[in-house]
Peer 1: 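Before I ask anything, here is the structure I am working with.
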Amino acid sequence: MAIGERIRFFRNLCGMTQKYLGQVVGFPEKTADIRMAQYESGSRTPKADLTNKLAEVFDISPQALSVPDIDSYIGLMHTLFTLEDLYGLKITELDGEVCLHLDKGMGTNYIAMFEMFSAWEEHAEKYKNGEITKGEYDRWRYNYPQK
């Protein structure tokens, strides 16, 4: 989810209008909604100081707004949090293990994700059982979805 989408997500979660949010972060009343619309649409990208101010207003970490860096543990966590928001990915405990699973209450998102995860699990199981090689498994993953 791009930063503009995250701004809109958190703004809606907090029940704010674009104009109100724009004014709270310091834009003049006349242009507050236009400026926020530009950020939410992606036509403008907020600089670090504005991202920090938005995060402060939403009472969240600035990393929750930024496009996560999945090469860091914190970035990976924020990516997983976004997947929870968008696709209903949930974390639970099962038999002493921490597990990620899909939320059946997510309707069509659940169905689409279930089909994709099922295909992934099928190929991972084939690799684990020696039915396909690591190279075959990797080719499947890195060419997903096959044409």
Side-chain angles (χ1 to χ4, degrees), residues 1-125 127-128 134-135 137-147:
M1 188 187 287
I3 190 167
E5 293 171 293
R6 297 297 294 164
I7 293 169
R8 181 176 36 255
F9 174 82
F10 285 110
R11 179 179 59 77
N12 288 331
L13 191 65
C14 293
M16 297 177 181
T17 63
Q18 285 179 331
K19 186 172 212 66
Y20 176 78
L21 178 58
Q23 288 177 281
V24 170
V25 297
F27 296 133
E29 182 179 355
K30 285 177 85 170
T31 60
D33 54 340
I34 295 166
R35 291 287 300 273
M36 290 313 305
Q38 291 172 332
Y39 292 117
E40 289 184 15
S41 71
S43 63
R44 293 184 74 162
T45 302
K47 293 184 176 161
D49 61 332
L50 179 57
T51 300
N52 291 336
K53 182 66 177 167
L54 288 164
E56 183 181 311
V57 169
F58 295 140
D59 192 26
I60 60 173
S61 164
Q63 291 171 306
L65 286 175
S66 301
V67 176
D69 170 15
I70 63 170
D71 291 333
S72 74
Y73 292 131
I74 300 300
L76 177 59
M77 288 301 293
H78 282 284
T79 299
L80 293 170
F81 299 150
T82 300
L83 294 173
E84 180 178 26
D85 294 338
L86 290 176
Y87 300 108
L89 190 65
K90 299 292 180 194
I91 188 163
T92 55
E93 183 271 332
L94 179 67
D95 298 329
E97 296 280 335
V98 175
C99 299
L100 296 174
H101 70 93
L102 299 171
D103 179 358
K104 289 182 180 179
M106 292 296 289
T108 56
N109 278 342
Y110 169 78
I111 294 167
M113 295 301 296
F114 179 81
E115 290 172 358
M116 291 184 271
F117 277 30
S118 293
W120 182 13
E121 189 275 332
E122 176 187 334
H123 283 80
E125 192 68 20
Y127 169 58
K128 179 180 147 195
K134 173 78 165 114
Y137 178 60
D138 286 347
R139 271 191 297 287
W140 178 83
R141 292 186 310 146
Y142 302 138
N143 287 292
Y144 184 86
Q146 274 66 26
K147 298 172 182 158

Peer 1: Answer yes when Lys53 and Asp49 have at least one side-chain N-carboxylate O distance shorter than 4.0 Å, and no when they do not.
Peer 2: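 The answer is no: the pair does not qualify as a salt bridge.
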
Peer 1: Kindly determine whether Ile7 and Leu21 satisfy side chain to side chain contact (heavy atoms under 4.5 Å, CB included), including the steps that lead there.
Peer 2: CA-CA 10 Å; Ile7 293 169; Leu21 178 58; 4.2 Å; yes

Peer 1: Distance-only, no hydrogens or angles: does the Lys19 side chain make a donor-acceptor pair with backbone N or O of Glu29 under 3.5 Å?
Peer 2: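 Yes: the side chain of Lys19 pairs with the backbone of Glu29.
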
Peer 1: Tell me whether the count of non-hydrogen atoms from other residues, nucleotides or ligands lying under 6.0 Å of CG in Asp59 goes above 12.
Peer 2: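 12 or below, so no.
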
Peer 1: Please work out whether the ring planes of Trp140 and Tyr137 are parallel, tilted or perpendicular, with thresholds of 30° and 60°.
Peer 2: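 Taking Tyr137 first and then Trp140, their aromatic rings lie parallel (interplane angle under 30°).
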
Peer 1: Side chain of Arg44, backbone of Tyr39: donor and acceptor closer than 3.5 Å?
Peer 2: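 Such a contact is absent between Arg44 side chain and Tyr39 backbone.
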
Peer 1: Can you confirm whether more than 12 heavy atoms, excluding those of Glu121, are under 6.0 Å from its CD atom?
Peer 2: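 Atom CD in Glu121 is packed in, count exceeds 12.
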
Peer 1: Check whether more than 12 heavy atoms from other residues, nucleotides or ligands sit under 6.0 Å from atom NZ of Lys47, and answer yes or no.
Peer 2: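 Counting neighbours around NZ of Lys47, 12 or fewer heavy atoms of other residues, nucleotides or ligands fall under 6.0 Å, so no.
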
Peer 1: Please report the C-alpha distance between Gln63 and Ile74 in whole Å, then the side-chain angles of each, then the deciding distance to 0.1 Å, and finally whether the side chain to side chain contact (heavy atoms under 4.5 Å, CB included) criterion is met.
Peer 2: CA-CA 8 Å; Gln63 291 171 306; Ile74 300 300; 3.2 Å; yes

Peer 1: Heavy-atom distance under 4.5 Å between the side chains of Cys99 and Ile91, does that happen here?
Peer 2: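 With C-beta onward as the side chain, the pair stays apart.
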
Peer 1: Determine, for Tyr144 and Arg141, whether the Lys NZ or Arg CZ falls below 6.0 Å from the six-membered ring centre while staying within 45 degrees of the axis.
Peer 2: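 Judged by the rule (NZ or CZ under 6.0 Å from the ring centre, within 45° of its axis), Arg141 is not positioned above Tyr144.
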
Peer 1: With a 4.5 Å cut-off on side-chain heavy atoms, are Asp103 and Glu84 touching?
Peer 2: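 When only atoms from C-beta onward are counted, Asp103 and Glu84 do not touch, as no gap falls below 4.5 Å.
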
Peer 1: With rounding to the nearest 0.5 Å, note down the distance linking CG in Leu89 to OG1 in Thr79.
Peer 2: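 If I round to the nearest 0.5 Å, the distance is 11.5 Å.
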
Peer 1: Identify the two heavy atoms, one from Ile60 and one from Ala64, that lie closest to each other, and give their separation to 0.1 Å.
Peer 2: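 Looking at all heavy atoms of both residues, the shortest contact is CD1-CB, 4.0 Å.
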
Peer 1: Hey, could you give me the CG/CG distance between Asp85 and Leu13, rounded to the nearest 0.5 Å?
Peer 2: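 Between atom CG of Asp85 and atom CG of Leu13 there are 8.0 Å.
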
Peer 1: Measuring only between side-chain heavy atoms, which start at C-beta, is Lys90 closer than 4.5 Å to Leu102?
Peer 2: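 When only atoms from C-beta onward are counted, Leu102 and Lys90 do not touch, as no gap falls below 4.5 Å.
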
Peer 1: Hey, does the side chain of Asn109 reach the backbone of Leu86 with a donor-acceptor pair shorter than 3.5 angstrom?
Peer 2: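 Present.
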
Peer 1: Is the backbone N or O of Gln38 less than 3.5 Å from a side-chain atom of Ser43, with the two atoms forming a donor-acceptor pair by type?
Peer 2: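 Judged by distance alone, yes, a pair lies under 3.5 Å.
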
Peer 1: Might you work through the side chain to side chain contact (heavy atoms under 4.5 Å, CB included) test for His101 and Leu94, ending with a clear yes or no?
Peer 2: CA-CA 10 Å; His101 70 93; Leu94 179 67; over 6 Å; no

Peer 1: Would you mind reporting whether Tyr87 and Met106 have side-chain heavy atoms less than 4.5 Å apart?
Peer 2: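 Of all side-chain heavy-atom pairs linking Tyr87 with Met106, none is under 4.5 Å.
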
Peer 1: Quick one: do Phe27 and Met36 satisfy side chain to side chain contact (heavy atoms under 4.5 Å, CB included)? Show the steps, please.
Peer 2: CA-CA 9 Å; Phe27 296 133; Met36 290 313 305; 3.8 Å; yes

Peer 1: Please confirm whether the backbone N or O of Ala2 pairs with a side-chain atom of Glu5, one donor and one acceptor, at under 3.5 Å?
Peer 2: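 Answer holds: yes.
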
Peer 1: Above 12 or not: heavy atoms from other molecules or residues under 6.0 Å from OH of Tyr110?
Peer 2: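 Check passes, neighbour count above 12.
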
Peer 1: Of all heavy-atom pairs between Ile3 and Pro46, which one has the smallest distance, and what is that distance?
Peer 2: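 Where Ile3 meets Pro46 most closely, the heavy atoms are CD1-CG, 3.7 Å.
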
Peer 1: Measuring only between side-chain heavy atoms, which start at C-beta, is Arg8 closer than 4.5 Å to Asn12?
Peer 2: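 Sidechains of Asn12 and Arg8: in contact.
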
Peer 1: In Å, rounded to the nearest 0.5 Å, how long is the span from CZ of Arg6 to NE2 of His78?
Peer 2: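 The CZ atom of Arg6 sits 9.0 Å away from the NE2 atom of His78.
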
Peer 1: Shortest non-hydrogen contact from Ala55 to Ser61?
Peer 2: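 Nearest pair, atom of Ala55 first, then Ser61: CB-C, 3.9 Å.
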
Peer 1: If you define the side chain from C-beta out and look only at heavy atoms, does anything of Arg35 sit under 4.5 Å from Gln18?
Peer 2: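 No, too far: nothing below the 4.5 Å cut-off.
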
Peer 1: Report yes if the side chains of Leu80 and Leu100 come closer than 4.5 Å at any heavy-atom pair, otherwise no.
Peer 2: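 A side-chain contact under 4.5 Å exists here.
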
Peer 1: Between the main-chain N or O of Tyr20 and the side-chain N or O of Thr17, is there a donor-acceptor pair closer than 3.5 Å?
Peer 2: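 Yes: the side chain of Thr17 pairs with the backbone of Tyr20.
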
